[in-house]
Participant: 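The structure that follows is given in the form of structure tokens.
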Amino acid sequence: MRCLEYVNKMFGVPILIPILLCFGVNVSRGEIFSANSQLKDVVSLEIEIDDILEKYLNKLEENMVKLKEFLANKPPWHRNSSRRQDLEEGNPILAYHIIKRLTVDLNTLEQNLEKNDWRVVSRKIERAKLKGAIPLEQDLHGAAQALIRIQDVYDLDIWALSQGKLLHVETKSALTASDCLYLGKYAYNAQLYTRAIEWFEQALNLSMTTNNPRSTTDLAQNLLLLAEREHDQKLKNGILSDYLHPLPVSKKTARLQREDKILNRRFALGKHLTAYQELENFKALCRGEQLMSEQEQAKLKCWLDTRKNPYFFLMPVKVEENSGVLNLYTFHGILTENEIAIIKSIAKPKLNRARVQSGSNKEDGNVSNQRTSKVSWTDENDHLLMLKLATRISRITGLRTDSRIGDSEKFQVANYGLGGHYSPHTDFLITGKSAAEFKNMNQEFLVLGDRIATFMFYLSDVEIGGFTSFPRIGAVIRPSKGSAAFWYNLKRSGKADIMSYHGACPVVLGNKWVMNKWIREKAQIFTRSCSLDVND
């Protein structure tokens, strides 16, 4: 606690909340960072406020010139006290000059200054804020989380990231020494000490290469030492730091070299992995690393399929097999641009922060601790297109999908925010739950049965990141606008298929939109044959 108090003192800003990153608890409650759909409004607001401030600055500079002129217009003898004493009595020129300066000139100067009072500018800014969404402090926390999450999952070079480089893409944005200090603070609060060290070290580098006050350099040095001390103490106590992330090469010790040996171990696939192994597999897949063996990859196929439905005889479905372990497929080109535009237009007005379901209403419950996105729900009654899409899914999968009669849930549209992600999870809700959990479960779930399958449309391309990753089977699906992913969450025996464990990789650059259709179990009694083999 003393360390946190020290950070507070050094930063001059209170630590409001501990921030747990990547796959821990996300306590941010801001609304802007959780979906990219509002960022355009924020950019417009920033431009308007910048314009207000630039006009204010121009007026200030004009007044500064007038103020300098006023002070420069005093007679030369004002600077000579002895000469001024001689002239003060009975000098009409001096009297006129002083009176004129203190009436006309000074009044004009005061009026100009009053016209540009900050209170006027402040009111203009407040009016601008009322027009659109204004970022809150929680949004700053969310944005900081997003950057550190992206850095962590994609193992980005800290210098390149601070200079605006996101993997292979050079952006026009860059971070200052002050920006890096605050990011280090957030990482420190979350006890991600190696990440904090990297950001404090980068803040120190930037403070010495740019025009920063000496206090910034001193602060970076002090916080860097503090984070290193906490990191080493954690290792000394036998606790490996930050999911075993090593310190930068410049800071390695003998203990950290041993830590690296653990890091360099490659993990196998399967259902018997530890939580850490699953997380590392998830990150590796997000980075584009290949975990599936060449033999497994060679067995995967792509083909045109009529799905045994006359509807597709003239235009077969383009099918890509993604795994031989899980029934995991991608169906390409099944949505048109116009259909995607309609879906987004329906969803945007109803977007709300993703929540954990509780009760019979999808909007009930708490803000999701695992997911950075906003979602909206729509069904077959909202628009004729939604009925057509439910029918299309049914023709492709052979399953019943009408949410109005309990075949499935409503369509869920999601827009991912800054560094938007969804921690690895399974979609089934009932199977495998304890007796206590089963007792408290939503009765609607019990009536409709579990989520037998997931059908997920990709409504956008994503420039970098945003993959759907399956860490237990080593498969990954890259977002492709107009395509859809499909997999079964339950086996034919009705048992949960834990190999369907999956998550959404953080969005590094771009705007990710998806639409989910969770198909329920009991309606499929005559559409999917059962099996007595628990492994089938």
Participant: Check whether any side-chain heavy atom of Leu192 sits under 4.5 Å from a side-chain heavy atom of Tyr186, and report yes or no.
Facilitator: no
Participant: Main chain of Gly466, side chain of Lys512: is a donor-acceptor contact present, judged purely on distance under 3.5 Å?
Facilitator: yes
Participant: So, Trp303 versus Glu320: side-chain donor-acceptor pair below 3.5 Å or not?
Facilitator: no
Participant: Is any side-chain heavy atom of Trp487 closer than 4.5 Å to a side-chain heavy atom of His502?
Facilitator: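 They are in contact (side-chain heavy atoms under 4.5 Å apart), so the answer is yes.
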Participant: Applying disulfide (SG to SG under 2.5 Å), which residue pairs with at least one partner in residues 141-200 are found, sequence neighbours left out?
Facilitator: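 As it turns out, there is no disulfide (SG to SG under 2.5 Å) pair with a partner in residues 141-200 once direct neighbours are skipped.
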Participant: Distance from Lys491 atom NZ to Met499 atom CE, nearest 0.5 Å?
Facilitator: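 Spacing of NZ (Lys491) from CE (Met499) equals 9.0 Å.
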Participant: Could you list the residues that satisfy side-chain contact (heavy atoms from CB on, under 4.5 Å) with Lys172, not counting sequence neighbours?
Facilitator: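 Per chain and number, Lys172 pairs via side-chain contact (heavy atoms from CB on, under 4.5 Å) with no residue.
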Participant: Does Arg392 reach the side chain of Glu339, with side-chain heavy atoms less than 4.5 Å apart?
Facilitator: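 Sidechains of Glu339 and Arg392: in contact.
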Participant: Determine the minimum heavy-atom distance between Val153 and Cys286, stating which atoms define it.
Facilitator: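 Heavy atoms only, the tightest pair is CG1-CB, 3.8 Å.
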Participant: Partners of Asn516 by side-chain contact (heavy atoms from CB on, under 4.5 Å), sequence neighbours excluded?
Facilitator: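 For Asn516, the residues satisfying side-chain contact (heavy atoms from CB on, under 4.5 Å) (neighbours in sequence not counted) are Arg371, Gln412, Thr454, Met456, Val514, Trp518.
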Participant: What's the shortest heavy-atom distance between Pro479 and Ser460, and which atoms?
Facilitator: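 Closest heavy-atom pair between Pro479 and Ser460: CB-O, 4.0 Å.
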Participant: The criterion is ring pair (Phe, Tyr, Trp, His ring centres under 6.0 Å); which residues satisfy it with Tyr488, sequence neighbours excluded?
Facilitator: Phe486
Participant: Looking at Ser323 and Ala475, would you say the former's side chain and the latter's main chain have a donor-acceptor pair under 3.5 Å?
Facilitator: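 Such a contact is absent between Ser323 side chain and Ala475 backbone.
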Participant: Among all residues two or more places apart in sequence or in another chain, which pass the side-chain contact (heavy atoms from CB on, under 4.5 Å) test with Arg478?
Facilitator: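 Here the qualifying residues are Phe467, Val476.
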Participant: Is the shortest side-chain heavy-atom distance between Ser207 and Asn205 below 4.5 Å?
Facilitator: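 The answer is no; the side chains never approach within 4.5 Å.
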Participant: Tell me the side chain to side chain donor-acceptor pair (under 3.5 Å) pairs involving residues 153-170, sequence neighbours left out?
Facilitator: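 Checked against side chain to side chain donor-acceptor pair (under 3.5 Å) - neighbours excluded - the pairs reaching residues 153-170 are Ser162-Gln202.
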Participant: Once side-chain contact (heavy atoms from CB on, under 4.5 Å) is applied, do any residues pair with Ala220, and if so which ones, sequence neighbours excluded?
Facilitator: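 Result, side-chain contact (heavy atoms from CB on, under 4.5 Å) vs Ala220: Leu181, Ala203, Leu204.
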Participant: Is the shortest side-chain heavy-atom distance between Phe312 and Ile396 below 4.5 Å?
Facilitator: yes
Participant: Could you go step by step and tell me if Asn322 and Thr330 meet the side-chain hydrogen bond (donor to acceptor under 3.5 Å, both in side chains) rule?
Facilitator: CA-CA 7 Å; Asn322 302 109; Thr330 303; 2.9 Å; yes
Participant: Treating Ser483 as the side-chain partner and His332 as the backbone partner, does any N or O pair qualify as donor plus acceptor under 3.5 Å?
Facilitator: no
Participant: For Asn281 and Glu278, indicate whether the former's side chain and the latter's backbone hold a donor-acceptor pair under 3.5 Å.
Facilitator: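 Not at all, since once roles are kept as given, no pair shorter than 3.5 Å links the two residues.
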Participant: Mark yes or no for whether Glu230, through its side chain, and Ala227, through its backbone, hold a donor-acceptor pair below 3.5 Å.
Facilitator: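 No; zero donor-acceptor contacts below 3.5 Å.
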Participant: Between Thr306 and Pro316, which heavy-atom pair has the shortest distance, and what is it?
Facilitator: N-CB, 4.5 Å
Participant: Test side chain to side chain contact (heavy atoms under 4.5 Å, CB included) on Gln290 and Met292; report intermediate values, then the result.
Facilitator: CA-CA 6 Å; Gln290 186 58 253; Met292 200 180 294; 3.4 Å; yes
Participant: Minimum heavy-atom separation for Met386 and Ile346, please, with both atom names.
Facilitator: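 That would be SD-CD1, 4.2 Å.
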Participant: Residues two or more places apart in sequence or in another chain: which of them pass salt bridge (charged side-chain N to carboxylate O under 4.0 Å, His left out) with Lys271?
Facilitator: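 In terms of salt bridge (charged side-chain N to carboxylate O under 4.0 Å, His left out), with neighbours along the sequence ignored, Lys271 is linked to no residue.
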Participant: Closest approach of Ala177 and Thr216, non-hydrogen atoms and distance?
Facilitator: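 Taking Ala177 first and Thr216 second, the nearest heavy atoms are CB-CG2, 4.0 Å.
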Participant: Is it true that Arg520 and Glu409 have a side-chain N and a carboxylate O under 4.0 angstrom from each other?
Facilitator: yes
Participant: If you apply the rule side chain to side chain contact (heavy atoms under 4.5 Å, CB included), what do you find for Arg451 with Ile519, and how did you get there?
Facilitator: CA-CA 6 Å; Arg451 289 173 170 172; Ile519 303 169; over 6 Å; no
Participant: By salt bridge (charged side-chain N to carboxylate O under 4.0 Å, His left out), which residues pair with Lys299, not counting sequence neighbours?
Facilitator: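 Result, salt bridge (charged side-chain N to carboxylate O under 4.0 Å, His left out) vs Lys299: none returned.
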Participant: For the residue pair Tyr458 / Thr468, report whether a side-chain donor-acceptor contact shorter than 3.5 Å exists.
Facilitator: yes
Participant: Tell me the closest heavy-atom pair linking Ile334 and Ala484, and the distance in Å.
Facilitator: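 For Ile334 and Ala484, the tightest heavy-atom pair comes out as CD1-CB, 3.5 Å.
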Participant: SG/Cys505 to OH/Tyr416 distance, rounded to the nearest 0.5 angstrom?
Facilitator: 10.5 Å
Participant: Take atom NZ in Lys495; do more than 12 heavy atoms of anything else shown fall under 6.0 Å from it?
Facilitator: no
Participant: Using the salt bridge (charged side-chain N to carboxylate O under 4.0 Å, His left out) criterion, which residues pair with Glu321? Sequence neighbours excluded.
Facilitator: Lys301
Participant: Do Gln151 and Arg149 have side-chain heavy atoms sitting under 4.5 Å apart?
Facilitator: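 Not touching, per the 4.5 Å side-chain cut-off.
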Participant: Is there a side chain to side chain contact (heavy atoms under 4.5 Å, CB included) between Leu206 and Thr176 once you walk through the steps?
Facilitator: CA-CA 7 Å; Leu206 290 174; Thr176 65; 5.9 Å; no
Participant: Not counting sequence neighbours, which residues clear ring pair (Phe, Tyr, Trp, His ring centres under 6.0 Å) with Phe457? List them please.
Facilitator: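 Here the qualifying residues are Phe455.
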Participant: Answer yes if the side chains of Asn489 and Asp450 hold a donor-acceptor pair under 3.5 Å, and no otherwise.
Facilitator: no
Participant: Could you pull out all residues at least two apart from Arg395 that satisfy salt bridge (charged side-chain N to carboxylate O under 4.0 Å, His left out)?
Facilitator: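 With sequence neighbours excluded, Arg395 shows a salt bridge (charged side-chain N to carboxylate O under 4.0 Å, His left out) to no residue whatsoever.
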Participant: Would a distance-only check, ignoring hydrogens and angles, find a side-chain to backbone donor-acceptor pair under 3.5 Å from Thr171 to Gly164?
Facilitator: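 Looks like yes, one N/O pair under 3.5 Å.
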Participant: If you measure from OG on Ser376 to CG on Leu351, what distance do you get to the nearest 0.5 Å?
Facilitator: 5.0 Å
Participant: Any side-chain heavy atom of Ser403 sitting closer than 4.5 Å to one from Phe411?
Facilitator: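 SC-SC contact between Ser403 and Phe411 ruled out.
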Participant: For the CD1 atom of Ile473 and the CD1 atom of Ile498, what is their distance to the nearest 0.5 Å?
Facilitator: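 Ile473 CD1 to Ile498 CD1: 12.0 Å, rounded to 0.5 Å.
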Participant: With side chains defined as the heavy atoms from C-beta onward, is the minimum distance between Asp497 and Thr426 less than 4.5 Å?
Facilitator: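 No, too far: nothing below the 4.5 Å cut-off.
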Participant: Donor-acceptor pair, Arg492 side chain versus Ser529 backbone, under 3.5 Å?
Facilitator: yes
Participant: Between Asp152 and Lys283, does any side-chain N to carboxylate O distance fall below 4.0 Å?
Facilitator: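 Lys283 and Asp152: salt-bridged.
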Participant: Check the pair Tyr501 / Phe470 against ring pair (Phe, Tyr, Trp, His ring centres under 6.0 Å), numbers first and verdict last.
Facilitator: CA-CA 6 Å; Tyr501 186 73; Phe470 294 77; 9.4 Å; no
Participant: To the closest 0.5 Å, what do you measure between CD1 (Ile340) and CE (Met515)?
Facilitator: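 Answer for the CD1-CE pair, Ile340 versus Met515, is 9.0 Å.
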Participant: Would Arg472 and Leu269 count as a side chain to side chain contact (heavy atoms under 4.5 Å, CB included) here? Give the steps.
Facilitator: CA-CA 5 Å; Arg472 291 174 181 170; Leu269 303 174; over 6 Å; no
Participant: First locate atom CG of Asn352, then atom OG of Ser373, and finally report the distance between them rounded to the nearest 0.5 Å.
Facilitator: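 So the CG of Asn352 and the OG of Ser373 are separated by 11.0 Å.
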